[in-house]
Colleague: 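Before I ask anything, here is the structure I am working with.
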Amino acid sequence: MAVLRQVWCRHLAVSLLLYVLLHSMDVHARPANMSAFKDKNPTGKDENEILPPDHLNGVKMEMDGHLNKDFHQEVFLGKEMEEFEEDSEPRRNRKKLIEIFSKVDFNNDRSVSAKEMQRWIMEKTEEHFQEAVKENKLSFHAVDPDGDGHVTWDEYRVKFLASKGFNEKEVAEKIKNNEDLKVDEETQEVLESLKDRWFQADNPPADQLLNEQEFLSFLHPEHSRGMLKYMVKEIVRDLDQDGDKKLTLSEFISLPMGTVENQQAQDIDDDWVRERKKEFEDVIDANHDGIVTMDELEEYMDPMNEYNALNEAKQMIAVADENQNHNLELEEILKYSEYFTGSKLMDYARNVHEEF
């Protein structure tokens with residue numbers, strides 16, 4: 001267990017650094033030993049999107065192996081997630097949710113079946129895919145300085161470090177002359193992880209150059225079966241305690257090392273374990289033999305798996321299906337709005353029939 005926890009801590013430390021690098025352009029927030037050739041006044045241009053995100057919209061697990069807490073909302077709302085803020089006006093949110101219900105209800109019988117929900121989930125997942133493609137186009141152009149349609153690892157590395165505050169010209173010169181970049185240990189570990197992922201995204205015949213489609217696989221492994229396999233392999237490597245390249249329930253629910261300081265923190269840990277246990281036993285372990293193989297995890301992770309989408313639809317319906325007819329009526333989805341949208345609606349039934 002100590003070895004597993006050490007691996008978790010190492011992985012979480014890298015994930016935390018990736019998160020900080022992705023979301024912060026504050027020079028003072030970076031480690032001091034990264035200042036060797038850093039601009040004192042970096043430009044305000046935000047190029048952080050060139051870093052592969054830890055969170056992938058519409059995918060059930062994060063890159064670090066944690067469950068995606070927003071998955072249900074992402075596959076139900078798609079790009080409309082941003083419209084359901086916690087402080088949004090409840091009546092406006094209710095009207096928006098009613099509009100979404102009418103779209104999911106494909107046959108207009110005022111009841112959503114599992115097949116209709118499956119169809120909607122696939123549509124919203126494709127929407128996330130298209131958004132990733134659009135963002136990738138901008139990111140690719142940002143790291144393709146000569147516009148030749150291909151990016152080398154060194155070109156990407158220059159842009160990556162420049163977006164973190166380093167002087168781009170000095171970085172490029174040092175790389176050209178094979179000089180030491182003098183980055184801190186954690187940043188170097190991130191670069192090595194990115195380099196491994198870079199070469200995994202280089203489709204045969206391997207030429208050590210990424211075109212726009214390969215760069216998409218680099219940033220968004222859910223777009224490539226090969227990269228999805230690589231993502232699964234990395235997750236299993238970090239969770240697998242005995243090295244058999246499979247996951248037991250105890251391995252899947254193991255928590256990173258830490259001290260529980262109070263009952264509230266203990267409750268959070270207990271909820272975390274309970275959620276992972278349920279997901280492992282009910283969903284990921286397809287044949288219910290107590291072992292999750294890489295193939296099972298890959299099927300679970302595949303966002304365009306129609307069988308998974310149907311299972312997800314049934315689970316989502318079961319949460320709010322108070323009359324147990326295996327369908328969702330408008331009143332039910334409004335009552336359980338927090339599950340579907342993250343926004344709790346007050347007086348959910350008021351004027352429902354009038355507005356619908």
Side-chain angles (χ1 to χ4, degrees), residues 3-24 29-38 47-56 61-66 139-140 142-144 150-168 170-203 206-210 214-222 224 226-240 243 245 256 294:
V3 174
L4 175 61
R5 286 177 172 174
Q6 289 174 3
V7 172
W8 260 105
C9 290
R10 172 187 62 78
H11 189 81
L12 289 175
V14 174
S15 295
L16 178 60
L17 178 62
L18 288 172
Y19 180 87
V20 171
L21 289 173
L22 179 62
H23 289 84
S24 174
R30 301 188 184 91
N33 59 350
M34 290 177 67
S35 61
F37 45 94
K38 192 178 298 177
E47 293 180 353
N48 286 315
E49 66 272 9
I50 66 173
L51 180 66
D54 180 61
H55 174 75
L56 302 171
M61 288 182 74
E62 311 285 12
M63 287 293 295
D64 61 6
H66 281 74
S139 301
F140 184 77
V143 296
D144 183 19
H150 296 87
V151 179
T152 68
W153 165 248
D154 283 342
E155 285 176 332
Y156 174 78
R157 190 162 45 138
V158 167
K159 291 293 184 180
F160 168 75
L161 290 173
S163 72
K164 308 312 162 195
F166 288 90
N167 183 290
E168 183 171 341
E170 291 187 26
V171 171
E173 190 66 23
K174 285 180 178 292
I175 289 177
K176 181 180 178 181
N177 297 327
N178 293 317
E179 297 180 31
D180 186 6
L181 293 177
K182 297 180 181 178
V183 298
D184 67 282
E185 185 176 345
E186 286 186 331
T187 301
Q188 184 59 39
E189 187 172 354
V190 171
L191 281 170
E192 289 173 1
S193 176
L194 289 174
K195 185 176 183 179
D196 187 25
R197 181 164 167 170
W198 180 273
F199 286 106
Q200 288 290 330
D202 186 12
N203 292 328
D207 55 8
Q208 299 186 9
L209 301 170
L210 296 192
E214 291 168 332
F215 193 73
L216 174 65
S217 297
F218 171 70
L219 291 184
H220 290 273
E222 75 275 21
S224 161
M227 285 298 290
L228 190 63
K229 288 180 180 291
Y230 173 72
M231 182 177 171
V232 167
K233 179 181 176 182
E234 291 293 289
I235 290 174
V236 170
R237 186 190 68 177
D238 284 337
L239 297 179
D240 180 20
K245 298 182 180 180
M294 285 191 180

Colleague: Distance from Glu222 atom CD to Leu228 atom CG, nearest 0.5 Å?
Modeller: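 The CG atom of Leu228 is 8.5 Å from CD of Glu222, to the nearest 0.5 Å.
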
Colleague: Calculate, to the nearest 0.5 Å, the distance between atoms NE2 and CG belonging to His66 and Asp54 respectively.
Modeller: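 CG of Asp54 is found 9.0 Å from NE2 of His66.
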
Colleague: Only one of Asn203, Leu209, Val151 passes side chain to side chain contact (heavy atoms under 4.5 Å, CB included) with Glu214; say which it is.
Modeller: Asn203

Colleague: Is there a side-chain contact between Ser224 and Lys229 in this structure, where contact means two heavy atoms from C-beta onward sitting under 4.5 Å apart?
Modeller: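 Of all side-chain heavy-atom pairs linking Lys229 with Ser224, none is under 4.5 Å.
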
Colleague: Run the side-chain contact (heavy atoms from CB on, under 4.5 Å) test on Phe166 and Val158 for me, step by step, so that the C-alpha distance in whole Å, both residues' side-chain angles and the decisive distance to 0.1 Å come before the verdict.
Modeller: CA-CA 9 Å; Phe166 288 90; Val158 167; over 6 Å; no

Colleague: To the nearest 0.5 Å, how far apart are CD in Glu179 and CD in Glu170?
Modeller: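 Rounded to the nearest 0.5 Å, the CD-CD separation comes to 10.5 Å.
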
Colleague: So, taking the atom named NZ in Lys233 and the one named CD1 in Ile235, what distance separates them when rounded to the nearest 0.5 Å?
Modeller: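 That separation rounds to 13.5 Å.
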
Colleague: Just wondering, do Gln200 and Asp196 contact through their side chains at under 4.5 Å, heavy atoms?
Modeller: yes

Colleague: Is the closest basic N to carboxylate O distance between Glu234 and Arg237 below 4.0 Å?
Modeller: yes

Colleague: Could you check Asp64 against Asp238 for side-chain contact (heavy atoms from CB on, under 4.5 Å), going step by step and ending with a plain yes or no?
Modeller: CA-CA 8 Å; Asp64 61 6; Asp238 284 337; over 6 Å; no

Colleague: Search all heavy atoms of Met63 against all heavy atoms of Leu56 and return the closest pair with its distance.
Modeller: SD-CD1, 4.1 Å

Colleague: Using a 3.5 Å distance criterion without hydrogens, assess whether the side chain of Asp202 forms a donor-acceptor pair with backbone atoms of Asp207.
Modeller: yes

Colleague: Please round to the nearest 0.5 Å and tell me the distance separating atom CE of Met231 and atom CE of Met61.
Modeller: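 If I round to the nearest 0.5 Å, the distance is 7.5 Å.
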
Colleague: For Asp180 versus Lys174, what's the shortest heavy-atom pair and its separation?
Modeller: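 Smallest interatomic distance, heavy atoms only, reads O-CD, 4.1 Å.
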
Colleague: As a quick check of understanding, evaluate side-chain contact (heavy atoms from CB on, under 4.5 Å) for Met227 and Arg197, giving each step before the final call.
Modeller: CA-CA 8 Å; Met227 285 298 290; Arg197 181 164 167 170; 3.7 Å; yes

Colleague: What is the minimum heavy-atom distance between Asp154 and Ile175, and which atoms define it?
Modeller: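 Asp154 and Ile175 have their closest heavy atoms at CG-CG2, 3.5 Å.
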
Colleague: Closer than 3.5 angstrom, by distance alone: can the side chain of Asn177 be matched with the main-chain N or O of Glu173 as a donor-acceptor pair?
Modeller: yes

Colleague: Measure across Phe140 and Leu210 and return the closest heavy-atom pair with its distance rounded to 0.1 Å.
Modeller: CE1-O, 3.6 Å

Colleague: Taking all non-hydrogen atoms of both residues, which atom of Val190 and which atom of Phe160 are closest, and how far apart?
Modeller: CG1-CZ, 4.2 Å

Colleague: Looking at CG of Leu191 and OH of Tyr156, how far apart are the two atoms once the value is rounded to the nearest 0.5 Å?
Modeller: 8.5 Å

Colleague: Hey, can you tell me if Phe218 and Phe215 have their rings parallel, tilted or perpendicular (30° and 60° cut-offs)?
Modeller: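 Judged by the thresholds at 30° and 60°, the geometry between Phe218 and Phe215 is tilted.
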
